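What follows is a short report on a single structure.
Start at 1 with the first residue, then count along the sequence. Just so you know, these numbers come straight off a predicted model, no measurement behind them.
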Amino acid sequence: MELAFAAFIVIAIAVCSAAVVIGVPMVIGLVAYDAIQSNKERKTAAAPVRADDPTSIAVKRGVARAFVIVGALYWSAATFAQLYSGGQSGAGQAIMAALIPLGASLVTLVIGWYWERFTAAALMFAAIGVVAWGVVYQFEAQVWLITLVMLVGPMVTASVLFWLARRSQEAYEFATSLPPKLAFAFAA
């Protein structure tokens, strides 16, 4: 039973790793492509800057949330596997430790649902904090690689996507709102 459970944990970590390793460059490429396309449209069109459509905004939010969820699953599985396989603690303690990344990600998702800019800033500061932590504790090369690819990269990507989704949402709301009209005010 323990061998099957260990195999499941290894496969889960590999799947989450593949999702992040494939997802981060793909999102960076999509953001770069979108920036290039929007610059071309701005240069060719004499009209004011158009707002993104709601589908594009939803995709940005969805991908940002997916990065948070996949990161939570990866770090929870990695935490559990490290504590359980190392013999440092039992299954109960390993599960409790694995709930910490899940809880942090749940808080990030709940806050990000309503306050996207705050979440974007928090994720960016957390990424800077992780790098500072690595400098202070002098991470080895392998630890830097795992930390940058599996933690800092997804946090920065999710931060940028949350920020862009909020900015696009405001532009869309402004573009689709009715212009204010003057009305007479009568004194009583």
Does the side chain of Val156 reach to within under 4.5 Å of the side chain of Leu123, using non-hydrogen atoms? no
Minimum heavy-atom distance between [X] and [Y], given as atom pair plus value:
{"X": "Ala120", "Y": "Ser159", "answer": "O-OG, 2.6 Å"}
{"X": "Val68", "Y": "Ala158", "answer": "CG2-CB, 4.3 Å"}
{"X": "Gly134", "Y": "Trp144", "answer": "C-CZ2, 3.4 Å"}
{"X": "Leu102", "Y": "Ser76", "answer": "CG-OG, 3.1 Å"}
{"X": "Arg65", "Y": "Phe162", "answer": "CG-CZ, 4.1 Å"}
{"X": "Pro154", "Y": "Phe67", "answer": "CB-CD2, 3.8 Å"}

In one Ile/Leu/Val/Met/Phe/Trp/Tyr side-chain cluster, 4.5 Å: Leu73, Leu106: no
Would Trp115 and Met124 show up in the same hydrophobic cluster when neighbours are defined by side-chain heavy atoms closer than 4.5 Å? no
Take Met150 and Trp75, measure what side-chain contact (heavy atoms from CB on, under 4.5 Å) needs, and give me the verdict at the end. CA-CA 9 Å; Met150 300 306 293; Trp75 287 105; 4.0 Å; yes
Take Val107 and Val110 through the side-chain contact (heavy atoms from CB on, under 4.5 Å) test and state the conclusion after the steps. CA-CA 5 Å; Val107 168; Val110 168; 5.9 Å; no
Would you check, one step at a time, whether the test side-chain contact (heavy atoms from CB on, under 4.5 Å) holds for Val130 with Thr147? CA-CA 8 Å; Val130 168; Thr147 303; 3.3 Å; yes
Is there a donor-acceptor pair closer than 3.5 Å between any side-chain N or O of Thr79 and the backbone N or O of Ala98? no
Enumerate the residue pairs fulfilling salt bridge (Lys or Arg N to Asp or Glu O under 4.0 Å) with a member in residues 109-121, sequence neighbours excluded, ordered by first and then second residue. Arg61-Glu116, Glu116-Arg166, Arg117-Glu170
